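So that the names make sense, note that chain A is the first sequence line, chain B the second, and so on, each numbered from 1. Model, not experiment: these values are computed from the prediction.
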Amino acid sequence: MKPIIKIEGLSKRYKIGEHVAPYGSLRETLSRAARAPLQWGRKRKATRFVWALKDIGFEVPPGQILGIIGRNGAGKSTLLKVLSRITEPTAGRIELYGRTGSLLEVGTGFHHELSGRENIYLNGAILGMGRQEIERKFDEIVAFAEIEKFLDTPVKHYSSGMYMRLAFAVAAHLEPEILLVDEVLAVGDAEFQKKCLTKMGDIGHQGKTVLLVSHNMASVINLCQRAIRLSNGKVVADGNPVDVVQGYLTETRSADGQILWNDPAEAPGTEIIRLHSVRILQEGIDGPTADVDISKEVLVEMKYWNLQENAPLYSGMWLRDQVGTIVLSSANLHSMSLTDDPWFGRPHPLGMFQSVCRIPGNFLNEGHYSVSAILGKVPDKTQVLEDQVLSFHVHDTGEMRKHYYGGWVGVVRPRLAWHTEYIEGVVPEAIDGEEKLASVRG
Amino acid sequence: MITNENMSVLEPVATEQITSTTKPEPSPHNHQSPPDEPLVIIEPSRSWVAINIRDLWVYRELLYFLTWRDIKVRYKQTVLGAAWAIIQPLFAMIIFTLFFGKLAGIASDNIPYPIFAYSGLLPWTFLSAAINNSSNSLIGTDSRLITKVYFPRMIIPCAAVSAGLIDLAIASLILFGMLAYYHIAITASLLLLPFIIVLLTLLAIGIGMWTSALNVKYRDVRYALPFFIQLWMFSSPIIYPSSLIPQKWRWLYNLNPLVGIVEAFRDSFFGKEINWSALAISTVITLTILISSAYAFRRLEKSFADIL
């Protein structure tokens, strides 16, 4: 069948540091221009670039729901941004044979002072709906968001749940032939998430083409007919969602329990802080390991360079399970941790530091986990977020298996305190007759 | 010993979720075959591209909604609301009348100084507010729009300018009241007023597009602008008549596009002869600023999403 989306040789390049120092001052540009004649013939300082997308090419037939997965920084969001014309590609070509609507964020353009009614019109127009189209769908949107009573209340008085419901409701009633969606399913309470998922399924039934970027592997498997996995800006897998997700789950940059950058210039980070290494350690095992014992502490060790004199730093991490759900996030902030990390928030001299986080034994479940390293400067934003930088496998060594051998559900498997008591004086009347007894036993 | 059968509480139930939602199958009946020609082609653009008229037309309603939002929000956030539209030029008029009209005794072409000043302050207040609002429009709350949805970016500074037109209309009511008070009769010259207001709006949009786009990249604009606006006011015939300028420097003075516009604005109310040559120069310069700003904006807007 003729495709509705056709992508050829698509590449997008960013200048390194563009995100760090987003805007220049006029003075800089002027002084650079003034110096330029003097530098004539001299070799220009090489600008460093990073390719967020490199030579992407694929086609999507109409009516397909395509999931796009990959680690943070793999290029998923950039791809959606290029497709929705928010940012221009550096090279390549995209042909879209249908009206496109993008949903990179819910509630874009909502204004807190305006009422629910007014925001429906405003947000609808921003998403590309005409006034008549909004009027036609108005009642449906209000009913879906369940905000009838608060229609004329400014949205600043809405609860966050109501706000998200309204925002999703407007977006979900867009009627483009191609819909680009970024992770919006991760909003609201469980009830509403279910409603959103059903709505997404309906959109698919209506024969619309959907590109869904998600970290939620379950929704990719549930909703999509096809999945594409991006890694370092390239398509590395394309096909059946179950297979692609499987491949993604085993993709980690290191399988031997450590990852290491020897050259600070190549290491992930900024001019303030750069990651040197991440290792998984456990007592009784020599050196880093990718296989740990469920009953013993797991040590996540991060080493990093501090490149700015007296920068007050913090370190943290995420732990994801095998479907990509973040099991926990933790950092060495004093109010967040069991021990007072002596270096948290203190001015760090130049040099290398090592932070260790201890995950207790008999806490994680069996299976595959991955670590994301987070480093930052207090109170600035995060400088390093290396998602799923390292993975390890938790093996059951049987300590908690003396009485039960079956499968064990749960993202974690902590050993908790239990206590049962006999409550005196409450004796049920004797149940007579075998028939009644049988019915009770079911 | 407990076995699997009698302790199902720990059993995995995860598979249920996956099988219960029905996955939509690609259904060829529900949709028509895509058109032969692509609706949109996305490619790296050449540096100098003209305005995308078709896009602007498709999103014309967004201009209306953003303008409407700016007005509504402003009136909701302020206690005095619409009264501000009158207060600003009115108080400026009172102050200038006291200092320039009474104390300095500036000539005002045989028109009572208060109404002379007010008829100049009216277009001036609109223009300076429009430039101020539009130059900050892209880096304010609307920067989220730029990084999350596509639409012609020009709409944002244009909406900021057009929101000021309501204030201009409200403040004009005072001018008509003053005309009645001073027994000044309206003449056919007033028919020129719509054209002058269009020209004034285009000038505001042209400058607003320049400054808003530059402001994204160089935040210096924000600091330089108030100074520039103040200078501009004193080099325009707002609170003094252009007849005060020596004849031999008049050609240079008229290069300021605001000169022809403000003079014509005033003359259309007082039924005086319009200075056509000054108005023609203003029109040419306004259009030059407008067209150049559109090109510059298109060139700079490509990097907006990456910078913001």
Side-chain angles (χ1 to χ4, degrees), chain A residues 2 4 14 18 22-26 29 61-65 81-91 93-100 102 104-105 108-109 111 113-114 118 121-122 125-128 130-131 177 197 201 204-207 218 221-223 225 403-409, chain B residues 1-4 7-8 10-14 17-18 21-31 33-35 37-45 58-59 61-62 64-66 68-69 72-73 76-77 141-142 144-151 216-221 302 305-308:
Chain A
K2 209 166 163 296
I4 190 163
Y14 284 108
E18 208 161 50
Y23 46 85
S25 77
L26 196 58
T29 310
Q64 188 173 66
I65 302 188
K81 279 189 174 181
V82 172
L83 273 166
S84 50
R85 294 201 281 168
I86 288 164
T87 183
E88 255 189 19
T90 312
R93 182 182 168 93
I94 301 171
E95 288 175 8
L96 301 172
Y97 294 84
R99 202 182 132 190
T100 310
S102 60
L104 303 199
E105 182 189 69
T108 311
H111 202 291
E113 295 287 342
L114 299 179
E118 290 161 338
Y121 279 94
L122 180 64
I126 286 168
L127 294 174
R131 192 216 285 257
E177 283 119 9
L197 275 164
H205 282 302
Q206 285 159 15
I221 291 175
N222 281 336
L223 289 170
Q225 294 130 7
H403 303 96
Y404 174 70
Y405 295 126
W408 205 321
V409 297
Chain B
M1 175 69 67
I2 299 161
T3 59
N4 275 347
M7 196 172 166
S8 57
L10 299 182
E11 279 294 297
V13 286
Q17 193 198 354
I18 291 176
T21 38
T22 51
K23 189 194 291 194
E25 289 303 317
S27 39
H29 314 290
N30 287 347
H31 49 81
S33 188
E37 287 299 309
L39 229 66
V40 177
I41 296 174
I42 302 169
E43 275 181 312
S45 61
V58 170
Y59 282 92
E61 288 195 51
L62 185 58
Y64 164 78
F65 276 113
L66 288 181
W68 166 84
R69 177 202 64 179
K72 200 131 198 176
V73 167
K76 277 191 183 182
Q77 280 176 334
T141 47
D142 284 346
R144 284 183 76 82
L145 295 186
I146 291 170
T147 55
K148 297 294 179 190
V149 265
Y150 171 80
F151 56 88
V216 173
K217 207 159 181 190
Y218 308 108
R219 303 288 159 110
D220 305 67
V221 172
K302 286 188 287 177
D306 300 338
I307 296 173
L308 287 169

**Q** Please list, chain by chain and in numerical order, all residues satisfying side-chain contact (heavy atoms from CB on, under 4.5 Å) with A:E118, sequence neighbours excluded.
**A**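 A:E118: side-chain contact (heavy atoms from CB on, under 4.5 Å) contacts with A:L114, A:S115, B:W68, B:K72, B:K76.
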**Q** Report the option among B:L39, B:I41, B:I42, B:V40 that has the most heavy-atom pairs separated by less than 4.5 Å from atoms of chain A.
**A**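 With the most close heavy-atom pairs to chain A, the winner is B:I42.
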**Q** If you count heavy-atom pairs within less than 4.5 Å of chain B, which of A:G109, A:P61, A:S84 leads?
**A**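 Heavy-atom pairs under 4.5 Å are most numerous for A:S84.
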**Q** With under 30° as parallel and over 60° as perpendicular, where do the rings of B:Y59 and B:F151 fit, or are they tilted in between?
**A**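 Rings of B:Y59 and B:F151: tilted, as their planes differ by 30° to 60°.
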**Q** Sequence neighbours left out, what passes side-chain hydrogen bond (donor to acceptor under 3.5 Å, both in side chains) with B:T147? Give chain and number order.
**A**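 B:T147: no side-chain hydrogen bond (donor to acceptor under 3.5 Å, both in side chains) contacts found.
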**Q** Who wins among A:L122, A:T90, A:I86, A:T100 for the most heavy-atom pairs under 4.5 Å with chain B?
**A**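 Of A:L122, A:T90, A:I86, A:T100, A:I86 has the most heavy-atom pairs under 4.5 Å with chain B.
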**Q** Test B:E43 against A:R93 for salt bridge (charged side-chain N to carboxylate O under 4.0 Å, His left out), laying out the working first.
**A** CA-CA 5 Å; B:E43 275 181 312; A:R93 182 182 168 93; 3.1 Å; yes
**Q** With chain B, which of A:V82, A:I126, A:L127, A:I4 has the greatest number of heavy-atom pairs at distances under 4.5 Å?
**A**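 Answer, by heavy-atom pair count under 4.5 Å with chain B: A:I126.
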